[in-house]
Protein chains: 2
Amino acid sequence: MQSAATLDDLQGHITGLRDVFDVEHLVYHSVNSTGQQYAALTYSPAWVARYIEQDYARVDPVVQGCYRRFHPVDWRRLDWSGKPAREFMGEATDAGVGRQGFSVPIRGPSGQFALFTVSDRRTDAKWEKYTETHVRDLILAAHFVNQKALEIERGSDTAAMQKLSPREIDALTMLAMGYNRAQTAESLSISEHTLRVYIESARFKLGASNTTHAVARGLTLGLLVV
Amino acid sequence: MQSAATLDDLQGHITGLRDVFDVEHLVYHSVNSTGQQYAALTYSPAWVARYIEQDYARVDPVVQGCYRRFHPVDWRRLDWSGKPAREFMGEATDAGVGRQGFSVPIRGPSGQFALFTVSDRRTDAKWEKYTETHVRDLILAAHFVNQKALEIERGSDTAAMQKLSPREIDALTMLAMGYNRAQTAESLSISEHTLRVYIESARFKLGASNTTHAVARGLTLGLLVV
DNA sequence: CGGAACCTCCCCATTTTTGGCGAATAGCTG
DNA sequence: CAGCTATTCGCCAAAAATGGGGAGGTTCCG
């Protein structure tokens, strides 16, 4: 695997940027459409292991909050109410994660989602000032790091990217909008059987086992615009 | 509709930024998960009408290319081969769209996708230089404009954002991965009947007419992480 | 403490989707 | 021009999903 070397490069960027940005921790975490995820970060390995083992991503307000948000966000503006979230925060601070944090969500095609985060223990006032003056640079740094990260896996999913024919896209798009076969066929003015051919060829191209899977893959691969 | 006023604001930002960036045309175009789209741009109304009427988004290499790309991209690096693309380019240049262009794709939660574009008629050499020196500012401007754009529709889809229960997410996620009901139920260690309850309640919450629709909505709303 | 939301289990009838056969026309590309 | 892909049509039987009922337990928030 030559990806090991470049993942190290990414880690190098991360630690380098931490010093540049003068923060305690800096994290880049990415999940692509195939579920593969990798991260480069400065947290302790113990905390990372714990986080994965406990599947804390499901609880972590930073992940949950950023996943449905466009703008970069200060951790204080997230929803920390709820028992699991509060417990999580307790453990996190014990593990050395700063109480202050700022995260930039990044989205790519194929449903890729990444998070670029800085965290620290400054006081509220200082942190406020810090984020204000660094938002722009943090956004650009997030783009930069994500770019580097994408270079690691380039080739693997670009090559596998299948193209769908216009009719196949039409078909899957309507199915994704909730139409069933009969309605879709009527809308496209074709026989239901013809529609089946499209669905099946799309399924084949996408390596999907059924219609729902095909639609899901079409969406996450960015082939459909619903 | 009070959105008319703010859409004018957006248009104001666009024309303002065009002068700041010293380009012929500047375009912001956004599509959200519900299919609503709006744009603020400096192209001629005739060209815009033509574009919509002909559904050129399906052909336009800028749209198609950026939709499956993360990085900002120079138009020259896109794939202009293929008959429809070449015809489209001919019409576009006739309509006053510059031959040079640079587009920044922007993605938000809920499947939102927007495109921030500058276009001009500079020579290749000058354009090369121009983009090199302005990438950073263009990225930031794209974020800024998108932020303004999101403010227009804020409230409409934030309020409608339904939460799914953990089990509902589990269920839809596995279905999106291609598992059928039997396999999904087994994976989740529950009876198939129980699984149905989740699927149905998720369908209800999402206003979906069938499983495929529910999965599609879950994905485009950013509720599922496949 | 009481309501709300979540998780879990079951049956029957009907509708919808899928699997497995095959085949013809048109258009673009090498 | 040959070859490939896209588009379009059909039938039958099996498998899967949906609709419409009902019911008991836990957990959490106000």
Side-chain angles (χ1 to χ4, degrees), chain A residues 58-59 79-88 161-216 218 223, chain B residues 58-59 79-88 161-216 218 223:
Chain A
R58 292 244 161 152
V59 177
D79 178 22
W80 293 91
S81 69
K83 206 178 162 189
R86 268 176 281 119
E87 284 176 0
F88 167 75
M161 181 83 92
Q162 291 289 341
K163 266 189 194 170
L164 294 179
S165 80
R167 279 316 229 186
E168 286 160 358
I169 293 174
D170 289 339
L172 290 191
T173 302
M174 306 219 65
L175 293 169
M177 294 192 301
Y179 291 56
N180 64 19
R181 278 198 191 169
Q183 296 169 320
T184 303
E186 202 191 343
S187 275
L188 298 179
S189 307
I190 55 176
S191 78
E192 202 174 323
H193 197 89
T194 302
L195 179 70
R196 279 188 57 189
V197 177
Y198 297 143
I199 299 172
E200 273 169 36
S201 65
R203 266 214 331 251
F204 181 74
K205 285 182 182 175
L206 297 169
S209 50
N210 56 40
T211 302
T212 301
H213 193 192
V215 168
L223 300 171
Chain B
R58 292 244 158 151
V59 177
D79 177 23
W80 293 90
S81 68
K83 205 176 160 192
R86 268 177 281 122
E87 283 176 0
F88 167 76
M161 181 84 92
Q162 292 289 341
K163 269 189 192 171
L164 295 179
S165 80
R167 278 318 227 185
E168 286 159 357
I169 293 174
D170 289 339
L172 291 192
T173 302
M174 308 220 64
L175 293 169
M177 295 193 301
Y179 290 58
N180 62 21
R181 280 193 186 173
Q183 296 169 321
T184 302
E186 201 191 345
S187 275
L188 298 179
S189 306
I190 55 176
S191 77
E192 203 174 322
H193 307 96
T194 304
L195 179 70
R196 279 188 54 190
V197 176
Y198 297 143
I199 298 171
E200 274 169 36
S201 65
R203 259 207 345 242
F204 181 74
K205 285 182 183 176
L206 297 169
S209 49
N210 56 40
T211 302
T212 301
H213 193 192
V215 168
L223 300 171

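Naming: A, B, ... by sequence-line order, numbering from 1 per chain.
Taking only side-chain atoms of B:R167, from C-beta outward, the nucleotide of D:dA17, C:dT8, D:dT18 with the closest atom is C:dT8. When distances run from any side-chain atom of B:S165 to the nucleotides D:dC9, C:dC6, D:dC11, the shortest one goes to C:dC6. Proximity note for B:E192 (side chain, C-beta onward) versus C:dC7, D:dT18, D:dA17: the nearest is D:dA17. Side chain of B:S191, nearest nucleotide from C:dC10, C:dC7, D:dT8: C:dC10. Of the candidates D:dT18, C:dT8, C:dC6, the closest approach to any side-chain atom of B:K205 belongs to C:dC6.
As rounded to whole Å, 14 Å separates atom C1' of D:dT8 from atom CG of A:D170. The distance between atom CZ of A:R86 and atom P of D:dC29, rounded to the nearest whole Å, is 7 Å. The interatomic distance linking A:N210 (CG) with D:dA16 (C1') rounds to 10 Å, in whole Å. If you measure from atom CD of A:E200 to atom P of D:dC9, you get 15 Å, rounded to the nearest angstrom. Atom NZ of A:K83 is separated from atom P of D:dG30 by 14 Å (rounded to the nearest Å). Regarding A:E186, its CD atom lies at a distance of 13 Å from the P atom of C:dT16, rounded to whole Å. With rounding to whole Å, B:E168 atom CD is found 11 Å from C:dT8 atom P. Spacing between atom CG of A:L195 and atom P of D:dG10 amounts to 13 Å, rounded to whole angstrom units.
Note on B:R181: a side-chain N or O is less than 4.0 Å away from OP1 or OP2 of D:dT18. Phosphate proximity of D:dA17 to B:R203: absent, as no side-chain N or O sits under 4.0 Å from OP1 or OP2. Between C:dT8 and B:Y198, a contact under 4.0 Å exists linking OP1 or OP2 to a side-chain N or O.
Within a 6.0 Å radius of CD in A:E186, no more than 12 heavy atoms belonging to other residues, nucleotides or ligands are found. Within a 6.0 Å sphere centred on CZ of A:F88, other residues, nucleotides and ligands contribute more than 12 heavy atoms.
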- [ ] Would you please test B:L223 and B:L206 for side-chain contact (heavy atoms from CB on, under 4.5 Å) and show each step?
- [x] CA-CA 10 Å; B:L223 300 171; B:L206 297 169; 3.7 Å; yes
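Checked by atom type and distance alone, the side chain of A:S209 pairs as donor or acceptor with a backbone atom of B:G178 at under 3.5 Å. Looking only at distances, a side-chain donor or acceptor of A:R167 sits under 3.5 Å from a matching main-chain atom of A:L188.
For B:R196 against D:dG19, a side-chain-to-base donor-acceptor contact under 3.5 Å is present. The base of C:dC11 has none of its N or O atoms less than 3.5 Å from a complementary donor or acceptor on the side chain of B:H193.
Toward the 5' end of DNA chain D, the nearer of the two residues A:P84 and A:L188, judged by each one's closest nucleotide, is A:L188. Between A:A182 and A:V197, the residue anchored nearer the 5' end of DNA chain C, judged by the nucleotide with its closest heavy atom, is A:A182. Between B:T194 and A:S209, it is B:T194 whose nearest contact on DNA chain C lies nearer the 5' terminus.
When heavy atoms are screened at a 4.0 angstrom cut-off, B:T211 is found touching the sugar-phosphate backbone but no base atom.
Shortest non-hydrogen contact noted between A:I190 and A:Y198 is CD1-CE1, 3.6 Å.
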